[in-house]
Amino acid sequence: MRLILVFLLVTPTFFSAQNQNNYPQDYFGSPLEIPLILSGTFAELRANHFHSGMDIKTQQRVGLKVLAAADGFVSRIKVQHYGYGKALYITHPNGYTTVYAHLSEYSPEIEAYVKKHQYDKESYEIELFPHTQDLIVEKGSVVAYSGNSGGSGGPHLHFEIRNKEEHPINPMLFGIDIKDTTRPLISSIYVYPIGDSSTVNNANTRQKLRLTPQNNGDYITESIEAYGTIGFGVNTTDRQDLAGNRNGVYSIQAFLNGSQNLDIDFSKFSFDETIQLNRFIDYEHYKTKGERIQKLYNDNNGLSIFKSDVNNGYLTIEDSISTVYKIRVSDFKRNDAWITIPIKGVKPKNEFVKNETTTPYYIYANSATNLKEGRVSVDFASNTFYDDFHIDFKVKNDTLFLGEDTVPMKKYFSISYDISNYSEADRNKLYIARLVGYRKYPSYEGATRKGNILSCSTRGLGTFALARDETKPTITPVNFRKDQWLSNYRYLKIKIDDSGSGISNYRATVNDKWILTEYDYKTKTLTYDFNDGVSTNTKNNLKVIVTDNVGNSTTFESVFYRK
Ligand SMILES: [Zn+2]
């Protein structure tokens with residue numbers, strides 16, 4: 001009895017004020033010396049993930065000083081071609097870790113540490129976990145320089161704060177202040193009949209509602225007629241004061257006849273759940289129309305950002321009963337946009353029958369599924385999908401038709417081809433491609449070969465085919481010619497490219513000694529820094545070998561002079 005009482009007393013904190021929090025305030029300083037203007041907010045919706053930090057604009061420049069947000073030690077350094085590019089992790093005595101990504105370079109001490117390991121390993125891509133005493137930093141000291149490395153579409157600093165469990169937390173909750181007096185923008189509102197017997201405006205499909213802005217900045221929609229279980233969806237973004245970027249909002253709440261039935265709060269999430277974004281948004285609509293509708297009901301999305309579970313955000317509309325549904329969208333500074341949706345309960349005269357497409361192949365979401373025809377085999381692990389459904393599956397020659405990429409998936413699945421009908425010479429040139437767009441452009445998915453079985457792992461349904469890559473990579477010097485004197489040069493730049501399966505690896509040497517070349521996939525450029533001092537010779541032999549994903553290889557050799 002006592003336990004139950006405690007539970008009842010604690011439960012109402014579901015709806016506690018957002019900005020009261022237990023995170024240390026003013027512990028973390030700004031990671032940059034310029035005013036903070038964001039091109040991305042925490043947890044905003046990205047491709048296959050929620051954004052795990054804040055993206056700070058760097059005035060279209062690279063090379064700005066990046067400062068340690070607090071005292072601590074460098075606990076991790078990761079350099080990768082894609083993703084975060086050059087990233088730095090600092091762990092602080094209070095248990096939090098700050099992350100700085102897309103850097104152009106590290107501070108001299110850290111840069112030397114990284115380069116030593118890169119030369120030891122003979123690899124640009126590297127991941128290091130320094131000991132607590134190796135690289136100690138003080139709050140406000142320069143730890144790196146901002147850049148555009150990795151999967152970054154323009155110079156900026158990605159800044160993140162993680163707790164001990166490695167869960168990213170909204171940095172604004174730590175008092176990092178961004179000027180914002182502008183309320184969120186509501187682009188569109190949708191209503192979804194849920195299940196076979198529900199209707200909205202005499203239809204059993206998603207309906208877009210007309211939005212009318214009010215004088216006070218709120219919105220009202222047309223009145224809808226509905227019956228049965230329904231749910232809503234909203235397309236919303238937030239703009240802050242000092243930039244035009246459309247960033248993510250901080251919270252979305254919904255109220256039915258004045259009582260709250262939903263609270264979505266973008267304060268914290270875990271990397272394990274980030275792929276569930278595809279279930280949170282209307283994925284089919286996103287993949288076909290490019291618009292991200294955030295669903296205001298929890299259809300088994302497994303997300304911790306859903307803070308209340310009153311009927312999981314669903315509404316049950318009864319005949320002849322009128323209700324008012326209100327949505328409040330807020331940014332971190334509590335600028336609100338309200339949407340009012342009047343609902344009339346009207347039982348439809350006709351029964352609606354959903355036009356479900358049926359195929360001979362059925363996915364039970366809870367079970368593993370193997371589909372096989374001819375030389376092609378597809379394997380889905382259990383719980384790859386959220387729902388049971390009829391899947392399209394057809395094999396014609398070497399083309400696999402596997403529906404459309406409009407179904408959210410939690411896991412990767414594998415595709416295998418038996419290629420024993422090809423000659424050995426051909427087998428070595430084959431890869432599995434996803435056919436993309438109207439022109440069915442073959443995009444490399446994988447080419448793992450075991451005997452005569454070629455397989456790949458991918459996420460997203462679609463059309464796949466065997467493709468052949470017989471084209472070798474190309475290697476082109478950018479800023480030098482053969483036999484040139486390069487005494488005053490700081491960098492050596494080489495462009496590498498591959499049509500077909502794409503570049504798998506590259507290796508550059510000077511006088512047979514490995515040199516560190518930084519690979520930027522966006523400009524397809526390898527860059528060597530002469531300050532690394534690999535050679536003190538006057539005459540130098542440069543050799544670059546580039547291999548594509550099926551093993552086609554090109555060797556480039558040149559000679560340069562320095563003194
Ligand atoms: Zn970012």
Side-chain angles (χ1 to χ4, degrees), residues 28-69 76-90 96-106 125 127 143-163 166-174 176-178 180 237-240 242-250 266-278 280-281 292 294 305 331-332 520-522:
F28 294 112
S30 172
L32 292 172
E33 293 174 322
I34 56 169
L36 300 186
I37 303 173
L38 304 187
S39 58
T41 47
F42 181 81
E44 71 178 15
L45 316 174
R46 298 277 177 95
N48 302 317
H49 69 288
F50 293 95
H51 187 228
S52 54
M54 52 171 49
D55 283 346
I56 309 172
K57 294 167 84 112
T58 51
Q59 307 174 336
Q60 284 93 46
R61 292 184 293 161
V62 301
L64 270 59
K65 288 173 184 167
V66 174
L67 315 176
R76 184 180 175 198
I77 296 164
K78 192 167 183 184
V79 178
Q80 52 182 149
H81 296 142
Y82 303 98
Y84 283 12
K86 294 185 188 181
L88 183 75
Y89 298 68
I90 300 174
Y96 291 97
T97 296
T98 50
V99 185
Y100 314 78
H102 308 304
L103 305 168
S104 61
E105 60 181 309
Y106 301 100
E125 290 197 304
E127 184 172 21
V143 290
Y145 297 89
S146 70
N148 188 34
S149 59
S152 169
H156 75 281
L157 176 69
H158 172 98
F159 176 67
E160 215 172 280
I161 302 179
R162 296 184 185 178
N163 67 12
E166 288 279 319
H167 296 169
I169 300 164
N170 192 330
M172 293 186 194
L173 287 164
F174 295 80
I176 290 180
D177 194 43
I178 309 293
D180 188 0
T237 51
D238 185 51
R239 195 178 74 78
Q240 281 127 8
L242 301 171
N245 302 70
R246 287 188 179 186
N247 299 332
V249 304
Y250 183 69
F266 297 101
S267 59
K268 180 178 137 184
F269 63 88
S270 74
F271 288 105
D272 293 343
E273 62 183 302
T274 199
I275 186 60
Q276 324 263 28
L277 170 108
N278 289 342
F280 172 48
I281 62 172
R292 290 191 176 101
Q294 307 179 48
I305 56 167
D331 61 27
F332 191 80
D520 178 26
Y521 76 90
K522 299 188 292 281

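Both ligands and their constituent atoms are indexed starting at 1 by order of listing.
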Closer than 2.8 Å to the Zn ion (ligand 1), do we get an N, O or S atom from [X], backbone or side chain?
X    : value
H102 : no
H156 : no
E160 : no

### Message
Out of the candidates Q240, R239, K57, only one should pair with N245 under the side chain to side chain donor-acceptor pair (under 3.5 Å) rule; please name it.
### Response
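Result for side chain to side chain donor-acceptor pair (under 3.5 Å) with N245: K57.
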
### side-chain contact (heavy atoms from CB on, under 4.5 Å) against L67, all qualifying residues, sequence neighbours excluded
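Here the qualifying residues are E33, K65, V142.
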
### Message
Could you work out, with side-chain contact (heavy atoms from CB on, under 4.5 Å) as the rule, every residue matching K522, not counting sequence neighbours?
### Response
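Listed in chain order: N148, D520.
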
### Query
Rounded to the nearest 0.5 Å, what separation is found between the CG atom of D55 and the CG atom of N247?
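Rounded to the nearest 0.5 Å, the CG-CG separation comes to 8.5 Å.
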
### Query
Can you tell me the N, O or S atom of D55 that's nearest the Zn ion (ligand 1)?
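Distance check against the Zn ion (ligand 1) picks out OD1 in D55.
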
### Query
In H158, what N, O or S atom is nearest to the Zn ion (ligand 1), if we give its atom name?
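Answer by atom name: ND1.
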
### Message
Whether the S52 and Y84 side chains hold a donor-acceptor pair (N or O, under 3.5 Å, no angle test) is what I'd like checked.
### Response
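Their side chains do contain a donor-acceptor pair, which is all the 3.5 Å distance test asks for.
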
